[in-house]
Structure formats: structure tokens, C-alpha cells
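Here's the structure, in C-alpha cells; my notes come after.
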Amino acid sequence: MVYSSHVYLQEQRKLLDRLRDVLRVKYQIELENLAIEQPPDIKFGEYALPVAFELARLLKKAPRKIAEEIIAELSPLEGFAGFEVAGAGYINAKLDRGRAAREIASGTEKIAPETPLHALVEHTSINPNKAAHVGHLRNAILGDTFVRLLRAAGHQVDVQNYIDNTGVQVADVVVGLMHLEKLSLEAVQTLMQQLEQRGEKIDYYCWDLYARVSQWYEADEAEKQARKQVRLDTLHAIENGGNDAARVADLVSTAILKRHLETMLRLGIEYDLLPRESEILHLHFWNLAFEQLKESGVLYYEEEGKNKGCWVMKRAGAGQAEDQDGPDEDAKVIVRSNGTVTYVGKDIAYHLWKFGLLGRDFAYRKFFEYADHTCWISAETGEPEHPHFGGAQAIYNVIDSRQADPQANVVEALRGLGYTEQASRYTHFSYEMVALTPRCAEELGYEISDEDRSRPYIEVSGRKGFGVKADDLIDKLIAATQKEVDSRHPELIAKEREQIAKEIAVGALRYFMLKYTRNTVIAFDFNEALSFEGETGPYMQYAVVRTRSIFRKAGTTAEQALADFAGVDATPYLTGEDGDGIWQVWLRAARTSLLLDQCIATAEPAYLAKHAFQLAKEFSNFYRKHHILTEADPARKKFLLATAAVTQRELIRALSWLGISAPEVM
RNA sequence: GCGCCCAUAGCUCAGUUGGAUAGAGCGAUUGACUACGAAUCAAUAGGUCGGAGGUUCGAAUCCUUCUGGGCGCGCCA
């Protein structure tokens, strides 16, 4: 459980502790979970306790009567201004706002988990055979944001991007290069040099090639079998290694992988390790896993039925109903009758490694340099000195919801092996796909059927080359923000304007991907993604820019404004209707750390995204209503400046967790 | 056939542990730049929370069922 110390939660705990005491002493009642909420309007207070409703039946008394009795015992409570009964029997608790504001402003919030976890987050994991598209962006942005949340909460996190460099998808582009284009290994090398000289991207080239190959397999009915055989032979050649197909695969997949890292770096997304399928194969991870699985009885050899001759396991979620005789036809095949292992089998071995349970490690080489750290890649033989990877206590796999079943099977295997603790800390960080609206598809020049046109969205498909490429989208966003920045800030030099445009574009894109909850299908539309108004990243960045402008004009800083606030009694400014509105901003800001805990507990970054937007919105409202720089009362001016400072501090903090920066001007 | 997910304002979505009058953005209408930056703010209109039962002091939220949609279920990866 993540714990962080901050005013809102601290006062909440104090209130609940006191309430428990009262219930124990007055009614001899112990309640496990005491519900606590926020009243619908801030004028009712900061906390609402519906406890009287629950007690009404037990005590055979009216809720309001019980609430009154409890209130009589609750007060006085340090830090609280008072309690009231409201509605049918709510107990509303009101904070001493002046005191709470001082504590929020002093803001020495330490966030330290009770038990820091060594966590492993795996995200992105794009097949290295084509350019990244919008769906991959959602994956990477969700994963990267979750990494930031865990790190903000004080956990140690390794970021992994799994690379399936020996799968069918890579085989398909190798078939394209060697059989459609009829290129040799040397010719492929030449082609890659030519592409680079022309400024063309290899991942874009393969995007089209992959679509062509997929068509080619199906194009000629008479040739179909033969072509599928070419594909299969190529796949096996790549898996085995030591031949030209494998060399072409390595060459191309490595180049495309570099491109993916570049694309993601544009959004501030970095990785620590790139574990590859090729090493999982060549270092024989499976053999070790197989021994464990056989020994524990998770896998058993099927003697009859359709899976005869295979090693199988009980499917996750399958009931224990084994009344009937005969083989479990629903079982999941892990080792085929020809002795080869399936995808889920390899995944089990890989996940044993992640938890440090396999008894074997990768070798490692340096692959990519970031500003302040190195990204390593798995290897058969590597460098003697390298960081320690694997052996995590908790893992998070950012994988789309369609892979729920295979993920569940891996967890099932871990549990069957007796690794129940690890199984409980295995999170399939599931999310829904990004699809295109029919209108968007038509804008991109795709021909769509009448049936598709009537749907709310159309699934993207790499095989058909149907989708929005990540770099194209980022380019479009930057072009749009650049235009705005250029016209708003002609006084700035080009380089500065460029930097600001990029930050706004990234803010817009990341917020767009984060504002939807994970299990909502995003129907992608350029109009919405390219919007900078309303509930968007730039809206929040603009709120921060306004606070920066205020401190610049006031000749001070946010830190100084908070220090200057120390001696001010804000109580008179936090009463009445205007005071309620301003207090709303303070309270929202104070709850930021609470949101961090909630987002980690629920693995849902969208809550923080919404929170940040709400805070920006309430500040914008405050900004319009209360003019800070012209305030005549010096004490009140300090208070208003502190309001802007607290907002800036918490908004920048929340935005940084979302991977969104706030420029000086925009 | 089995399993999982979804249905909330014209559109796109929030609604976390069951709690007070179901919220936001966009779009629409109207108003606000001689005040800290209008990528902004204010106001108005807009809802049988897919239907029907049930549990509960209380249901958009939990249970049952129906309807409509999506996804997954290979000795592919």
C-alpha cells in the first residue's frame, strides 16, 4: 500500500480515528470500513460521513438523531472548525481553513511508500516490422505515465520494451524483401543506406511492404499454399539463426526498433531494457521452465483426444468440474506434438525470469543512449558490467485487452507452480484499442465499405496498412502548434518557438491518450486530437503559464510567495461565497497526492488526468474573478499570490507525472 | 456454443467504496478583451443513466433477465 503524507489525507485519518473512538465508547460498535466522501458543495465542508445511515438500523434510531449524538462527541477536534448534520443524516466536517491553508502552503510533503517495491513495467512492445501507429502510442503513453506515477510514489521501476524480433510479423517483411523485391542480404544493406540518404524512414518503407506481403499471400489462389510455405520456412530460418534470412531479419528489425525508440523519445518516453525473443529462444529459457512445469504437475502429457501427444495445462478460469472421464478438450496446449513450444509457453518462461524464478539470465549490451541513462538490450554474449535486470517484486504488463486470456494463462501457471505471491503482483495493465472514425479513415484516403461507414469506429490493421502513423500524427500536431506560437510570439527567436510548439504538441497528444479510461475504445479523429481548447493538455499548460506570468509581473517567485504567506491569517479570505470558490482551488491542489495513490491502486492514470484538468479549470475561474496584481490589501494580495503558487506547484507536479511539461510562455 | 467488456445530454466521455440536486468537454444560443495573456471566463438550453424485475434507509453503480454493440476462445505469434 502506498502511503503519502499530506494535509487532506492526514486530516481525514484524524477524523476517522476520532469517529472510531466515539463509536466504540458511545455505542460499543466497531466498524471495519468507515465511508468518507466529499460533500456535493464545498460550502457544506470538506468531508461527509454517512455513518449515521448505517447505524440507524442497528440502533433503531433516526439517522439525524444519531448524527447529532455523534457530533456532540466529535467536537472539538484539532484542525476542524466544526461539524453539522445535513440532509437526512449526513455528518459534514469543516476544516479550519486558515490553518489548513498554512499547512498546504508550507507543503513539505514527503512521499515515501511503507514498502518501496521493485516494480517492472513493460510497455510499447511493437513488432519491429513497421512504423508505430496511434494504437501503439496509447500503449506507450499509458505505460510511461504509470512508470512516472510509480516513481513519484517512491518505487524503484525498470522499464522494459519487449521485442518480438523472431516472429511472423518480422518474417513477413523479410519475405517481402527477399521474395517480392528479390533482394540479397547485401542488397538489403544497400537499400537501407539509400533510404537513409534520401531521408526516408525504414519503418515507413516496411509499413507499405508489410501490407503488400499480406496481400501477396492471399492474392493468387493457386499459389496460396506455396506462399504460405515460404512464410513458414522464413520464420523457421529466422528462429534458428545463422542464415541470410535471419541476418536480414536482424538488420531490419534492429533498424526499425531504433526508429520506434526515436518516435517514443519525441514524447519523452524512455526505456531501460529491451528483452528480445531471439535470446529467449537461443538461451533456452523454455527448457528450464519446462522442467519446473512438469515437476509441479502444471503441465501434463495428454494421451488421447484432439490434443494427443501434447503437453497441456488447465485453462485459466476453467472450473474444477472433472466429473466426466476423458481428456480435457478445453486445455491449453503448451508443447505441440512435434515438440515445439507455443507462444504462451515462452511467455511463462519469460515471466519466470521477470520474477527471478527461472534460474537463468540474459546477457546484456548497450543499445541506445538517453540524456541521463543507457538503454540495454538482451544478448547471447554481452558486456561483463551491466545493471541487474529481472527479479522484480511486482510486474505490470501494458497489453491490450484482447490478450486477456493468454495473460491469464501465464498467471495461472505461476500460481500452479506455487508462486502465489508473484501471481498476485502480476497486473495485466489492460486497455482498449484505438480505432479510427469512418470520417477519419476517409480523410486519410482509405476506401471504406458502406457497412464500415455506419459503424462508430473501424479497427486499424497493420496487415492492410490501415492506420495513422505515430510520427505523422506528431508532425501534424507540431505543425499546428507551431503556427499558433509563431503568430502569438513573433518576439521570440525561432528555436524558442520551436521548443514551445513541441511541448504543447506533446501535451495535447499525451492528454488526449490519457483522458479516456483504459477500457474505453478511442475512436480516433484528427479534429479532437488536434484540439487545443477545452479539456486538453494545452488548457492546463496555459493555466501554468498564467501563474508564471503573474509571478514575473509581481517581481517574485512561487516559492517566495509561499514563504511570504507564512505569517498571513487567511481565514477571513476563505469565508463566504468568494472564499468558498478560492478554497476549492486550495483543496483540489491539496488532494493531488491522494490522486497519485488512487491511480496506482487502480492502475488508472485517467483519474489524475481529470484531476489536473479540474484544478486548472478552477484556477482559471479564480484568475478571472480575482485580480491579483491590483489587489490593494497587502495581506490579501499575499494570500492571492499564495493561491497561484499552490496551484502552480501542484499542477506542475501532476503534469510531470502525466509527462506533460509547462513552458514559460505559450 | 463458452468467456470477457460496453450501453449515461445532439456528439465524445467522466461518475473511484452504493450516498445529498447525475457532471465535463465539444457543438448550439447569448454575453465579456481601456485590468495579471481571450489557447480564457460567465450564462442558457439539453438526461425515462438501453428495457424489465430484485436487494437496500438509499442504485447510473450490486444481483437476475432481456435487447443492442464490441472483443476473445488454434498443435498461429
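- Residue A:K617 is classed as a sugar-phosphate contact, given heavy-atom separations below 4.0 Å to backbone atoms only.
- The phosphate of B:A38 (OP1 or OP2) has a side-chain N or O of A:R546 nearer than 4.0 angstrom.
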task: Report the C-alpha separation of A:E239 and A:T166 in whole Å, then their side-chain angles, then the decisive distance to 0.1 Å, and conclude whether the side chain to side chain donor-acceptor pair (under 3.5 Å) test is met.
output: CA-CA 6 Å; A:E239 283 176 351; A:T166 54; 5.6 Å; no
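- Between A:K332 and the phosphate of B:G74, there is no side-chain N or O to OP1/OP2 separation shorter than 4.0 Å.
- In summary, the side chains of A:Q229 and A:D233 do present a donor paired with an acceptor at a separation below 3.5 Å, with no hydrogens or angles considered.
- Distance, A:K308 NZ to B:G74 P: 22 Å, rounded to whole Å.
- Look at the P atom in both B:C49 and B:U61: the space between them is 10 Å, to the nearest Å.
- To the nearest whole angstrom, the two C1' atoms, one in B:G15 and one in B:G23, are 7 Å apart.
- Within the 4.0 angstrom heavy-atom criterion, base atoms lie near A:V485.
- Residue A:T536 is out of contact with every strand shown, counting any heavy-atom pair closer than 4.0 Å.
- Distances were taken from every side-chain heavy atom of A:H489 (C-beta onward) to each of B:A24, B:C76, B:G37; the shortest belongs to B:G37.
- Atom-to-atom, CG of A:D400 to P of B:A77 comes out at 18 Å; the value is rounded to the nearest Å.
- Comparing B:C13, B:C41, B:A20 by their nearest atom to the side chain of A:Y539 picks out B:C41.
- Contact annotation: A:Y511 does not reach the phosphate of B:C13 (side-chain N/O to OP1 or OP2, under 4.0 Å).
- Counting any heavy atom pair closer than 4.0 Å across all strands shown, A:Q38 reaches no nucleic acid atom.
- Using a 4.0 Å heavy-atom distance criterion, A:H611 is classed as making no nucleic acid contact.
- Nucleic acid contact for A:A171: none, since no nucleic acid atom lies under 4.0 Å from a heavy atom of the residue.
- As judged by a 4.0 angstrom heavy-atom cut-off over every strand, A:V312 is placed among residues making no nucleic acid contact.
- For A:D347 against B:A77, no side-chain N or O and base N or O form a donor-acceptor pair under 3.5 Å.
- Within the nucleic acid shown, A:K61 has no heavy atom closer than 4.0 Å to any nucleic acid atom.
- Of all nucleotides present, none satisfies the Watson-Crick or G-U wobble test against B:G27 with each distance under 3.5 Å.
- Regarding A:D405, its CG atom lies at a distance of 10 Å from the P atom of B:C4, rounded to whole Å.
- For A:F619 and A:Y542, the ring centers are positioned 6.0 Å apart or more.
- Remark: aromatic rings of A:Y511 and A:Y539 are distant, center separation not under 6.0 Å.
- Mapping A:R402 and A:P40 onto RNA chain B via the closest heavy atom, the residue that lands nearer the 5' end is A:P40.
- For A:R455, a side-chain nitrogen or oxygen approaches OP1 or OP2 of B:G70 to under 4.0 Å.
- For the pair A:S620 and B:U40, the criterion of a side-chain N or O lying under 4.0 Å from OP1 or OP2 is not met.
- One finds no side-chain N or O of A:N527 lying less than 4.0 angstrom from the OP1 or OP2 phosphate oxygen of B:C26.
- Rounded to an integer number of Å, the gap from CD of A:E533 to P of B:A24 is 18 Å.
- Across all strands, A:N92 comes closer than 4.0 Å to base atoms (heavy-atom distances).
- Comparing B:A39, B:A24, B:U17 by their closest approach to the side chain of A:A35 singles out B:U17.
- Atom CG of A:L55 and atom P of B:C57 are 14 Å apart (whole Å).
- Pairing for B:A14 is absent, judged as Watson-Crick or G-U wobble with the two contacts each under 3.5 Å.
- For the pair A:R138 and A:Y431, the NZ or CZ position fails the cation-pi test of under 6.0 Å to the six-membered ring centre and within 45 degrees of the ring normal.
- The distance between atom NZ of A:K625 and atom C1' of B:U40, rounded to the nearest whole Å, is 16 Å.
- Nucleotides B:U55 and B:C62 place their C1' atoms 8 Å apart, quoted to the nearest Å.
- The aromatic rings of A:Y516 and A:F512 lie perpendicular to each other, with more than 60° between the two planes, well past the 30° mark.
- At B:C71, none of the side-chain N or O atoms of A:S401 fall inside 4.0 Å of OP1 or OP2 (strictly under the cut-off).
- Distances were taken from every side-chain heavy atom of A:Y607 (C-beta onward) to each of B:G15, B:A77, B:A14; the shortest belongs to B:G15.
- Using a 4.0 Å heavy-atom distance criterion, A:V545 is classed as a base contact.
- Within 4.0 Å (heavy atoms only), A:P39 reaches at least one base atom of the nucleic acid.
- Nucleic acid contact class of A:F613 (heavy atoms, under 4.0 Å, all strands): sugar-phosphate only.
- Pairing of B:C73, defined by two Watson-Crick or G-U wobble distances under 3.5 Å, is identified with B:G1.
- Distance from the side chain of A:T517 is smallest to B:A14 among B:U16, B:C5, B:A14.
- Rounded to an integer number of Å, the gap from A:Y431 OH to B:C6 P is 18 Å.
- Sequence order on RNA chain B of the closest nucleotides to A:I36 and A:Y542 puts A:I36 first from the 5' end.
- Side-chain N/O atoms of A:T520 include one lying less than 4.0 angstrom from OP1 or OP2 on B:A14.
- Among the nucleotides B:U12, B:G70, B:G37, the one closest to the side chain of A:Y516 is B:U12.
- Listed nucleotides: B:G72, B:A39, B:U17. Nearest to the side chain of A:M666: B:A39.
- Of the candidate nucleotides B:G37, B:U17, B:A38, B:A38 has the atom lying nearest to any side-chain atom of A:R624.
- For A:R548 and B:G37, the shortest distance from a side-chain N or O to OP1 or OP2 is not below 4.0 Å.
- The shortest distance between the side-chain N/O atoms of A:N127 and the OP1/OP2 oxygens of B:A77 is not below 4.0 Å.
- In this structure, A:A48 reaches the bases: a heavy-atom distance under 4.0 Å links it to at least one base atom across the strands shown.
- Taking a 6.0 Å sphere around CD of A:Q225, one finds it holds 12 or fewer heavy atoms contributed by other residues, nucleotides or ligands.
- A cation-pi arrangement, defined by a distance under 6.0 Å to the six-membered ring centre and an angle within 45 degrees of its axis, is absent between A:K515 and A:F613.
- In this structure, CD of A:Q407 is placed 14 Å from C1' of B:A77, rounded to the nearest angstrom.
- Across all strands, A:E432 comes closer than 4.0 Å to no nucleic acid atom at all (heavy-atom distances).
- A donor N or O paired with an acceptor N or O is not found under 3.5 Å between the base of B:C75 and the side-chain atoms of A:T342.
- Side-chain atoms of A:Y217 and A:D172 include a donor-acceptor pair closer than 3.5 Å.
- Among A:T557, A:D564, A:T556, the single residue meeting the side chain to side chain donor-acceptor pair (under 3.5 Å) criterion with A:Q560 is A:D564.
- Nucleotide B:U48 has no partner under the Watson-Crick or G-U criteria, as no pair reaches both atom distances under 3.5 Å.
- Taking atom C1' on both nucleotides, B:G46 is separated from B:G25 by 15 Å, rounded to a whole Å.
- Taking atom C1' on both nucleotides, B:C5 is separated from B:U21 by 31 Å, rounded to a whole Å.
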